[in-house]
Number of protein chains: 2
Amino acid sequence: MLTGRQLLILQVIIDDFIQSAQPVGSRAISKKDNISFSPATIRNVMADLEDMGFLEKTHSSSGRIPSEKGYRFYVDNLLSPEIISDDVNVFKHVIQDGIFEFEQVVQKSAELLSDLTNYTSIILGPEVFETKLKQLQIITLTPQTAVAILITNTGHVEHRSFSIPNEMSASDLEKMVNILNDRLHGVPILQLPEKLNTEVRSLIRLYVSDFEKSFDYLKAAFFNEHPVKLYVGGKTNMLMQPEFKDIDKVRSFYAMMEKEDEIANMLKATTDGIKVTIGHENKVDAIKDCSLITATYHLGEEQMGTIALLGPTRMEYNKVITLLNALSNEMTEALYMWYKNNE
Amino acid sequence: MLTGRQLLILQVIIDDFIQSAQPVGSRAISKKDNISFSPATIRNVMADLEDMGFLEKTHSSSGRIPSEKGYRFYVDNLLSPEIISDDVNVFKHVIQDGIFEFEQVVQKSAELLSDLTNYTSIILGPEVFETKLKQLQIITLTPQTAVAILITNTGHVEHRSFSIPNEMSASDLEKMVNILNDRLHGVPILQLPEKLNTEVRSLIRLYVSDFEKSFDYLKAAFFNEHPVKLYVGGKTNMLMQPEFKDIDKVRSFYAMMEKEDEIANMLKATTDGIKVTIGHENKVDAIKDCSLITATYHLGEEQMGTIALLGPTRMEYNKVITLLNALSNEMTEALYMWYKNNE
DNA sequence: ATTAGCACTCGTTAAAGGAGAGTGCTAACA
DNA sequence: TGTTAGCACTCTCCTTTAACGAGTGCTAAT
């Protein structure tokens, strides 16, 4: 267990390093306002903290920097819940301005978040659990081509172009759309493929001749793939961090950011609440010297998506956690409003 | 005017430098298969070429590198039209696979182009000149919110959520949509705002009470902004170029890439055909040590969009120009097919 | 006209030295 | 007994110096 003095000094060192990105020396600490010990005393404490694994040296006679264990301790025990900053009010504006659809809210939030923190923000879009089909439309452009449009109750619109098989007549198409709308209205998006294959398939067979091919076209266009919606903001912010001054790190960082599914998987595994993953706690190699902070947002009990910030391990944990907390609350609330209005 | 020998040596130097990114010395040149002069002779020629401004030295006793004037001459006079490579066939596949909508074709092409060249590709989407409104739909989600969907004859779909003013009833909304569809079907997208303000406005006023506000909502949602469609592929490719080994260049490059309108303006000014802009010929500061190669694609006489590749001045001009030429032809052709099928 | 030879230039790399920041340890102090 | 001053030591960073090599320009010979 750490003494009060050890706690104080550990905190000061980490705070200082987060600010300066430079190893912190005993002399510098002793000059701080809230410190009244001599450099020598502080050196003793620092040696202890190093023995315990909370601090490291970059070389034998350098100042100290926090170890990953140090950051872990800092995050778990030393964070002083910050007074909610004015920034949070900005979220309210962005999110509750009702004329946007939810997708845009998410995107804007990602941008905002990275602007406020100067880190990279990643938001995993709302999962489709609770969204339901509102309407399906097919509009023919030419006798051979058409565009299918799918609207959910959350205002999300998805569209695909496809070509109409020769065997299918306009009236067949119309019939099919009518049946689909009739049967699928209000069905949760996630259940669409199943429902489509069971009841609807046989029903359409009765009315539409040679329906198989058209049906497959449509199904392929919409219901097979469920691309993850990932919004990334402020990738360039990382370039400003001093730990990214060497080009190889930049390269591997950008390479990693292009693997969207990997990122998505990483974020999906998140449990509820705020979670901080520091350095090697991350499973992905390219961010083993980064920290990832994730928060979830909800609809009722159901987890809908994840908000995350990615930065160097030397991250402003206090600020970031406060912001993420606030944003996750705002989004949960916004989601709830949607829900109430739509059911 | 340059002698044959000067031409040969200039070409060899530039070819070599484009490959190696290293200053080229006389000895290295004399060893090439198609060169039969001694290093001393070559040195004389190189000195002449330098006097004429085609070559430069990085320091007083270094090998030569091409100057911008040198590249200019190279591009204008020394390019041997390359045999169309197999790569071009890939374009055909991507572009003529009819089930995609045009937007996706453009996007895929951008990716493909940067993959093939290892430079950054930028494509300015097809202008809306010739696209016409096919259908306008408004789907209400709740009594207060609705999503408006606009479909063009090219299969392009645009959608916006908006809230319905309290004063407006469902039947009013329906009336309005009917009028809009009736009056605006087949109208070119670019003329929509004008048409909307003149004939349609007065017409709606007759049928829908208190239409002003709703009308403005809708108009704001769709017709005021015409965001440029810009597709960028392979931004990370630039990181691999040796001229981007220093982080500040990377920073300013990425900063520049975020200013989409600036890029769009730069590309819009393009005249027909292939155009090469080398180094300081570019007006934008951040790419004063890059070359930009642009090509246009057409529908009939009308220029529809621009394809561009951005790389270091030390660029594989031969390859890039061939590819761009091919792609611009493919896209023009694809566009023509669309047109024929849709009118 | 071409080329061999040679002195010269400049960038690159390695080694060497000094300054500065910071440590660990010991001994003195309150 | 906990705290502090003092001091030798270590390591990085920066600068200087020297050697090396790639490449040039010029001159004289072919």
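Proteins come first, then strands; the chains are lettered A, B, ... in the order of their sequence lines, and each starts at number 1.
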Looking only at D:dT24, D:dT3, D:dG6, the nucleotide nearest the A:R43 side chain is D:dG6

For this session: Could you check whether A:S62 gets within reach of a base, just the sugar-phosphate, or nothing at all, counting any heavy atom under 4.0 Å?
Result: sugar-phosphate

To the nearest angstrom, the CG-C1' distance between B:D48 and D:dT24 comes to 14 Å

Per atom distances to the B:S38 side chain, the nearest of C:dA4, D:dT4, C:dG24 is C:dA4

Quick note, B:N44 side chain, CB onward, closest among D:dT3, D:dT12, C:dT3 is C:dT3

Rounded to whole Å, CD of A:E56 lies from C1' of D:dC11 at a distance of 17 Å

Out of C:dG24, D:dG25, C:dT23, minimum distance to the side chain of A:S26 belongs to C:dT23

Is there a side-chain contact between A:K57 and the phosphate of C:dG24, meaning an N or O under 4.0 Å from OP1 or OP2? yes

Atom CD1 of B:I42 and atom P of C:dT2 are separated, to the nearest Å, by 11 Å

Rounded to whole Å, CZ of A:R5 lies from C1' of D:dT3 at a distance of 8 Å

side-chain contact (heavy atoms from CB on, under 4.5 Å) test vs A:Y71 passes for just one of A:L78, A:I14, A:D76, namely A:I14

Q: Check if the side chain of A:R64 and the base of C:dG24 share a donor-acceptor pair of N or O atoms closer than 3.5 Å.
A: no

N or O in side chain of A:R27 less than 4.0 angstrom from D:dA5 OP1/OP2: no

From CD1 of A:I9 across to C1' of C:dT23 the rounded distance in Å is 15 Å

Any donor-acceptor pair, under 3.5 Å, between the side chain of A:S60 and the base of D:dT10, if you only look at N and O atoms? no

Comparing nearest nucleotides in DNA chain D, the 5'-proximal residue of the pair B:A40, A:F37 is A:F37

May I ask you to check whether over 12 heavy atoms, not counting those of A:E281, lie within 6.0 Å of atom CD?
yes

Is it the case that B:Y317 and B:S291 place a side-chain donor and acceptor less than 3.5 Å from each other?
-> yes

Which of B:F73, B:F17, B:Y74 passes ring-ring contact (aromatic ring centres under 6.0 Å, His included) with B:F54? It is B:F73

Exactly one candidate in A:S62, A:S60, A:S61 meets side-chain hydrogen bond (donor to acceptor under 3.5 Å, both in side chains) with A:T58; the answer is A:S62

Taken to the nearest whole Å, NE2/A:H59 to C1'/D:dC11 is 5 Å

Rounded to whole Å, NZ of A:K31 lies from C1' of D:dT4 at a distance of 17 Å

Separation of C:dG22 atom C1' from A:Q22 atom CD, nearest Å, is 14 Å

Ranking D:dT12, D:dT24, C:dA21 by distance to the side chain of A:S61, first place goes to C:dA21

